Amino acid sequence: RPYHQVAVAFDGEEGLRKALDLRPDLIVCDVMMPRVDGQRMVEQLRRYPGMADVPVLMLTAKTDDELRVHLLHGVVQGYIQKPFTAAELQASVHAELRDRARHKAELDESETRFRATFEQAAVGLAMVAPDGSWLRVNGKLCDIVGYSPEELVKLRFQDITHPEYLDSDLVQMRRVLAGTIDTYSLEKQYLRKGGEPVWVNLTVALVRKADGTPDYFISVVEDIQQRKAFERRLAESEERFRQGVEYAPEAIFLQKEGRFAYANPAARALFGVEDPKEIMGRGVLEFFHPDDRDTVVGRIRQLNEERRTVPREHVRIQRRDGTVVDAETSAVPFRLGMRDGALVFVRDVSERIRAEREIRDLARFPGENPNPVMRVSPDLVLLHANRSSGVFLDCFGAQMGGPFPAQFAGVVAEALRTWTVQTFEAQCCDRIYDMTVNPIADGGYANIYGLDITERKNAERELINAREAAEAATR
């Protein structure tokens, strides 16, 4: 049998102090206590960092369904009516501790995968506090700015941003905090530890807490120093330009009247052609995804007819073999002999988008979770389900691409309609799941997370049977 170290407090005030000092795995308290009652003690406890997830079992002799519902709605994890036996209390304690240990193991596993993706990303990644303090940084970002992780977390991003670019960055950050925009991207310069500037492309998104208040920013930092240096060389000399274009690491091509007039080796590799003859004279649109061609047509018009520079924009390249590559293009008008054309820069951003997607997926949709995790569209179609969802889906005859089980569709629909978290229980053969429906407003769908509560339910049933037996024996 498991053994536990137990600390005892006389009243709620002393209990709060001891809980904050000892950081226990579980708290058992009575509703009625001197000076500070159990309800007030737990509500105060939840306000302290690190104490929001400590399980609490509340004991009471009062038959108060309203109080019970209030406490169980996020304040305590268990509610035991007096009288009860020592065996009942021990069973409840052991069940809560098992749930806590299982939850911690799942969080540790998710954190391990998150850390691996975070650290191994090919771009700089950081978690930044709303005041600009660096909370967590990966090795690539440290390489870009020349600081160690220990040095960076003592600074704010304002401290290493070039003064010329600080105001524009802060304006965008305030717009995100205000909810005007969800994300922003800009090119700026950081100042490395030695004082030298370095060009980066910064993409920022805000992660909010459950109550909607700002929690932290996720920043994706891409080193574009080489590209910026290359662009500067282009402006200095046509001869150096010609040589630089040919050997540039970034894809560059010249278009004239919407057709390829030149493509450097990097561009030909990006578009999936080897021989320059395979691309020269061909229409530019042939190498862009059909859904993006209207956008490309508009940009060509700005370049060729209006002679206006077009800023960076995300497009999808459709290579010669049909594969699709995420890219960003920017372009400037360019004179080709007697005809007007454009110089176009194309950058493969697949790695950056993949890193952003993995960060989001790890946070919102962990595929290896030992419990069911599913995603449902606004029209209640099952979009995704991890391997652990198989028991639930088989039990209710559902499958990927089909409708979510009708028995629970109303709960999911209500969550999507009100953008509030909903819950339901589902019994699948010999397993019982506590299902939480979490609507994702910026995605327009709902994630459904299941927790196997079979053992807890069995323990509750045993408690009820034991109590009924005890009551029958005393009659």
Side-chain angles (χ1 to χ4, degrees), residues 52-53 55 72-74 77-78 94-117 207 209-210 357-461:
D53 296 329
L72 289 175
H73 191 63
Q77 285 64 48
H94 295 161
E96 289 297 337
L97 291 174
R98 282 196 302 271
D99 286 347
R100 180 173 172 83
R102 185 186 304 111
H103 180 61
K104 183 178 184 304
E106 293 168 359
L107 288 178
D108 290 345
E109 183 181 356
S110 180
E111 171 65 17
T112 299
R113 292 196 305 272
F114 177 89
R115 188 183 301 113
T117 300
V207 176
K209 300 178 182 177
R357 185 180 298 119
E358 288 189 3
I359 292 293
R360 288 195 302 270
D361 289 346
L362 281 171
R364 291 183 176 177
F365 200 71
E368 299 302 321
N369 195 309
N371 288 300
V373 182
M374 293 165 280
R375 181 169 292 171
V376 178
S377 70
D379 55 354
L380 304 183
V381 172
L382 186 62
L383 300 176
H384 299 290
N386 67 349
R387 186 181 301 117
S388 301
S389 302
V391 173
F392 176 86
L393 298 180
D394 291 342
C395 182
F396 296 102
Q399 60 183 352
M400 295 270 286
F404 195 74
Q407 299 94 316
F408 314 113
V411 180
V412 180
E414 179 66 11
L416 288 167
R417 186 183 68 83
T418 61
W419 297 115
T420 58
V421 174
Q422 303 288 328
T423 61
F424 64 88
E425 283 189 6
Q427 181 159 356
C428 307
C429 300
D430 60 340
R431 312 306 297 172
I432 303 173
Y433 294 97
D434 184 13
M435 311 296 283
T436 299
V437 185
N438 186 19
I440 307 298
D442 58 354
Y445 51 76
N447 284 347
I448 300 176
Y449 305 90
L451 178 65
D452 189 335
I453 58 171
T454 306
E455 293 182 12
R456 192 179 78 192
K457 285 291 185 179
N458 290 340
E460 291 175 356
R461 191 176 297 111

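Please read all numbers here as calculations on a predicted model, not as lab measurements. All heavy atoms count here, side chains included; hydrogens, waters and symmetry mates do not.
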Look up atom [atom1] in [X] and atom [atom2] in [Y], then write down how far apart they are to the nearest 0.5 Å.
{"X": "E455", "Y": "I432", "atom1": "CD", "atom2": "CD1", "value": "11.0 Å"}
{"X": "H384", "Y": "S377", "atom1": "NE2", "atom2": "OG", "value": "10.0 Å"}
{"X": "D434", "Y": "E425", "atom1": "CG", "atom2": "CD", "value": "5.5 Å"}
{"X": "W419", "Y": "E414", "atom1": "CH2", "atom2": "CD", "value": "12.5 Å"}
{"X": "L416", "Y": "I440", "atom1": "CG", "atom2": "CD1", "value": "10.0 Å"}

What is the minimum heavy-atom distance between [X] and [Y], and which atoms define it?
{"X": "A398", "Y": "P403", "result": "CB-O, 4.1 Å"}
{"X": "M435", "Y": "G450", "result": "SD-CA, 3.5 Å"}
{"X": "G401", "Y": "V381", "result": "O-CG1, 3.6 Å"}
{"X": "Q422", "Y": "V411", "result": "CB-CG1, 3.6 Å"}
{"X": "S388", "Y": "P372", "result": "O-CG, 3.7 Å"}
{"X": "P378", "Y": "G444", "result": "CG-O, 2.7 Å"}

Please examine the side chains of [Y] and [X], heavy atoms only from C-beta on, and report whether any two atoms are closer than 4.5 Å.
{"X": "M374", "Y": "L393", "result": "yes"}
{"X": "F408", "Y": "V437", "result": "no"}
{"X": "I448", "Y": "V376", "result": "yes"}

Problem set entry | Sequence-distant partners of Q427, side-chain hydrogen bond (donor to acceptor under 3.5 Å, both in side chains), two or more places apart |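 Not a single residue meets the side-chain hydrogen bond (donor to acceptor under 3.5 Å, both in side chains) criterion with Q427.
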For this session: Using side-chain hydrogen bond (donor to acceptor under 3.5 Å, both in side chains) as the criterion, list what pairs up with T436, not counting sequence neighbours.
Result: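 In terms of side-chain hydrogen bond (donor to acceptor under 3.5 Å, both in side chains), with neighbours along the sequence ignored, T436 is linked to no residue.
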For this session: Tell me, with the steps shown, if Q407 and F396 meet side chain to side chain contact (heavy atoms under 4.5 Å, CB included).
Result: CA-CA 9 Å; Q407 299 94 316; F396 296 102; 3.2 Å; yes
Problem set entry | F404 and F424 aromatic ring geometry - parallel, tilted or perpendicular at 30°/60° bounds |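 If you compare the ring of F424 with that of F404, the planes turn out perpendicular.
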For this session: Answer yes or no: is there a donor N or O on one side and an acceptor on the other, between the side chain of N386 and the main chain of N371, under 3.5 Å?
Result: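 Yes, the answer is positive, given that a donor and an acceptor are paired below the 3.5 Å cut-off.
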For this session: Using the test side-chain contact (heavy atoms from CB on, under 4.5 Å), find all partners of A413 that sit at least two apart in sequence or belong to another chain.
Result: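 Partners of A413 under the side-chain contact (heavy atoms from CB on, under 4.5 Å) test: L380.
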